[in-house]
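What follows is a short report on a single structure.
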Amino acid sequence: HTDEDVDKIIAAAKDSIYEMQADGILERPEGESGANAVWSKKIGLTNAQKEVWIASQMGEMESCAFNESDSFEIDGDLDLNAFQGAVEDTLNENEAFRLRFDSDGEFQSTAGSLPLELSLTDLSHLGVDSAREQLSSRLAELALTSFDLEKGPLVRACLFSLGASKYVFVIYCHHIIFDGYSAELMIQEIADRYAAKVSGVARTNADLSPFSIYAERMESAGNEIPSYWLDVFAEDQPEPLDLPTDRPRGAKRQYNGDTVHRELPKKLCLGVKEAAKQLGVSQFALLLSAYSALLSRLTSQEDMVIGVPTAGQARENIDTIGYCVNILPVRTKPGFEDEFSGFAKGLQKATFDAFDNQNLSISDLMNRLKIPRDPSRLGLIETVFNFSRYFSGVSMPGCKLVARENRRFAVYHDLFFNIVDAGEHLIIDWDYAVDLFDEETINRWIDHYIALLSDIVRHPKKRIGDLSLIVPEGSEDILSVEPSE
């Protein structure tokens, strides 16, 4: 048996004991007696969850900044009963969706008695355009509706019918129980369950592991800061990013946000993949290096920190739904005189080293480094770069499924640059603080990023300070894709 198999057996044994205590078969520990007591399993919060919990207590908008959401466009002959059953079975049988948090943020517990249901809304009578408008309004409302971490539930699942064979499945979760890796696991399980229901054939895929297994592993790993991070920031820390804002930064951080969605042209995406191959770096490393170069050119800074999320599920080799992300403070030094090719190779090594030391609490690191808190901005990590290939290969019988991250209206970081490899093209979802930046500014910076990539594809050994922020003459087709509505 693998370690994960053993963990599952232990978790199942614990659950059986808790259930027998709830049914009165086994005696409860002192203080937990009572015929009407509801069985629940208490789990300690991981370091990452603690940081999200603390931030969520600061106010309504702060909590809404952690509303994670995706939409799935479904075209085809959808069996509504089968889909509803598949969604509700997935929600009710995965531990993370039943988690609640105590008022002090000390522990989380499962609420087994609360059924989770799929909300069905028929907008087909409005016509496609009006139905889309109603859907957009509903998504904006959901984005700005906070979750009650104590009472729950911390998930909202909705299916909207827009017309003949057109549906949109929407999932909203608080980030403290859900992450991007979880979203892919969730939609894959829903698709598997749906296929089994419509075919009448039993599922063959194994159930996902309970989140408590991951949480217990994190607890046993301890809270010691890896020496790697102390070495990275031993002598000094970079200055905060001095980005050109459209409005002065206020005395206190605000959390109002928005998202710019852009698709990069196929021609450029193919060029990026080929350039990465020729340089001997991953596509992720090249795209991150280009983002670092862009920030350097915008700020005239050659030393900065970019947050890079890592999936704890992949590190622990465990498929579980939950908040398993760590955002690592990758220090990057894009010197204006440095060749981009060498910089990209160095940054790839730096990210590999960071991934090897990813069990980290940012708050603990800031305390250890004695970085002063500033109420007007986040400490250490103000911008995040995320690269993913989520939702690739997910399908349902008789239906076409297309995923998209929903627009945000509340954000935690000043800038969150998310780029998705969708196969033949790259998609940018750039979340930003609207109290600092205008949409026009973010779109202009995306144009600069595209121009940088275009120049890198042609001249990977060019100095970072010489890379063009304007699309080279004769390459106007690179910007032929307009921003999506």
Side-chain angles (χ1 to χ4, degrees), residues 8 11-12 14-25 32 34-43 67-72 74 78-102 107-122 138 141-142 145-161 167-179 182-183 185-198 202-203 205-213 215 320-323 396:
K8 281 185 176 181
K14 288 181 178 179
D15 285 352
S16 297
I17 293 171
Y18 294 144
E19 288 177 354
M20 286 189 285
Q21 288 174 343
D23 293 336
I25 298 173
E32 293 188 8
N36 297 322
V38 177
W39 166 66
S40 67
K41 177 168 57 176
K42 290 185 178 181
I43 309 164
N67 285 0
E68 293 298 300
S69 177
D70 294 290
S71 287
F72 301 87
I74 303 173
L78 183 70
D79 184 325
L80 287 177
N81 289 332
F83 185 76
Q84 182 174 6
V87 171
E88 292 179 355
D89 288 349
T90 299
L91 296 181
N92 285 289
E93 293 185 23
N94 280 285
E95 184 180 73
F97 294 123
R98 295 182 285 111
L99 290 174
R100 309 291 180 267
F101 294 77
D102 79 308
F107 64 86
Q108 53 199 315
S109 58
T110 55
S113 61
L114 184 63
L116 300 170
E117 299 178 348
L118 175 67
S119 169
L120 303 174
T121 304
D122 187 359
R138 180 60 178 146
E141 179 184 338
L142 288 169
T145 302
S146 62
F147 290 97
D148 188 327
L149 298 187
E150 291 183 50
K151 296 180 181 178
L154 303 183
V155 56
R156 302 182 184 112
C158 313
L159 181 68
F160 297 89
S161 174
Y167 304 87
V168 178
F169 171 56
V170 178
I171 188 82
Y172 268 91
C173 296
H174 196 284
H175 208 2
I176 202 168
I177 65 156
F178 197 74
D179 56 22
S182 300
L185 293 175
M186 176 204 69
I187 196 62
Q188 185 63 66
E189 180 169 334
I190 290 173
D192 290 344
R193 290 181 181 276
Y194 177 80
K197 289 179 184 294
V198 297
R203 287 178 67 221
N205 291 338
D207 291 338
L208 300 175
S209 298
F211 174 73
S212 53
I213 292 178
T320 187
I321 290 175
Y323 184 63
M396 296 195 308

Legend entry - Approximate separation, where rounding is to 0.5 Å, of L99 CG and I177 CD1: 6.5 Å
Legend entry - Atom pair CD1 (I187) and CD1 (I171), whose distance is rounded to the nearest 0.5 Å: 8.5 Å
Inset, instruction - Look only at the side chain of S71 and the backbone of V170, and say whether a donor-acceptor pair between them is shorter than 3.5 Å. - result: no
Inset, instruction - Compute the ring centroids of F169 and F83, then answer whether they are less than 6.0 Å apart. - result: yes
Legend entry - Main-chain N/O of A157 paired to S119 side chain as donor or acceptor, under 3.5 Å: no
Inset, instruction - Would you please test L118 and L91 for side chain to side chain contact (heavy atoms under 4.5 Å, CB included) and show each step? - result: CA-CA 9 Å; L118 175 67; L91 296 181; 6.0 Å; no
Legend entry - Approximate separation, where rounding is to 0.5 Å, of L185 CG and N94 CG: 8.5 Å
Inset, instruction - Would you mind telling me which of V168, V87, L142 makes a side chain to side chain contact (heavy atoms under 4.5 Å, CB included) with C158? - result: L142
Inset, instruction - State whether R156 and E117 are salt-bridged, where the test is any N-O pair (Lys NZ or Arg NE/NH1/NH2 against Asp/Glu carboxylate O) under 4.0 Å. - result: no
Inset, instruction - To the nearest 0.5 Å, tell me how far D207 CG sits from T320 OG1. - result: 11.5 Å
Inset, instruction - For salt bridge (charged side-chain N to carboxylate O under 4.0 Å, His left out), just list the numbers for D102 and K42, CA-CA rounded to whole Å, side-chain angles, deciding distance to a tenth of an Å, and then say yes or no. - result: CA-CA 10 Å; D102 79 308; K42 290 185 178 181; over 6 Å; no
Inset, instruction - For E95 and T110, indicate whether the former's side chain and the latter's backbone hold a donor-acceptor pair under 3.5 Å. - result: no
Inset, instruction - Kindly give the heavy-atom pair with the smallest separation between I213 and S209, and that separation in Å. - result: CD1-CB, 4.2 Å
Legend entry - Sidechain-backbone polar pair: Y194 side chain, D79 backbone, donor-acceptor under 3.5 Å: yes
Legend entry - Value rounded to 0.5 Å, distance of CG in L154 from CD in Q108: 10.0 Å
Legend entry - Donor-acceptor contact present, side-chain R193 to main-chain A191, <3.5 Å: no
Inset, instruction - Could you tell me whether the side chain of D122 and the main chain of F160 form a donor-acceptor pair under 3.5 Å? - result: no
Legend entry - Candidate pair V155 and F178, rule side chain to side chain contact (heavy atoms under 4.5 Å, CB included), full reasoning: CA-CA 9 Å; V155 56; F178 197 74; over 6 Å; no
Inset, instruction - With sequence neighbours left out, write down each residue that passes ring-ring contact (aromatic ring centres under 6.0 Å, His included) with Y323, or none if nothing qualifies. - result: H175
Legend entry - Closest heavy-atom pair and its distance - R203, A196: CG-CB, 3.6 Å
Legend entry - Closest approach of L208 to E189 (non-hydrogen atoms, all atoms of both residues): CD1-OE1, 3.3 Å
Legend entry - Main-chain N/O of I43 paired to S212 side chain as donor or acceptor, under 3.5 Å: no
Inset, instruction - To the nearest 0.5 Å, tell me how far S161 OG sits from L120 CG. - result: 9.5 Å
Legend entry - Min side-chain heavy-atom separation I176-F101 under 4.5 Å: yes
Inset, instruction - Take M186 and T90 through the test side chain to side chain contact (heavy atoms under 4.5 Å, CB included) and record every step on the way to the result. - result: CA-CA 7 Å; M186 176 204 69; T90 299; 4.2 Å; yes
Legend entry - Derivation and outcome, side chain to side chain contact (heavy atoms under 4.5 Å, CB included), residues L159 and L78: CA-CA 11 Å; L159 181 68; L78 183 70; 4.2 Å; yes
Legend entry - Closest non-hydrogen atom pair between F147 and P153, with its separation: CD2-O, 3.5 Å
Inset, instruction - Apply side chain to side chain donor-acceptor pair (under 3.5 Å) to E141 and list each qualifying residue two or more places apart in sequence or on a separate chain. - result: R138
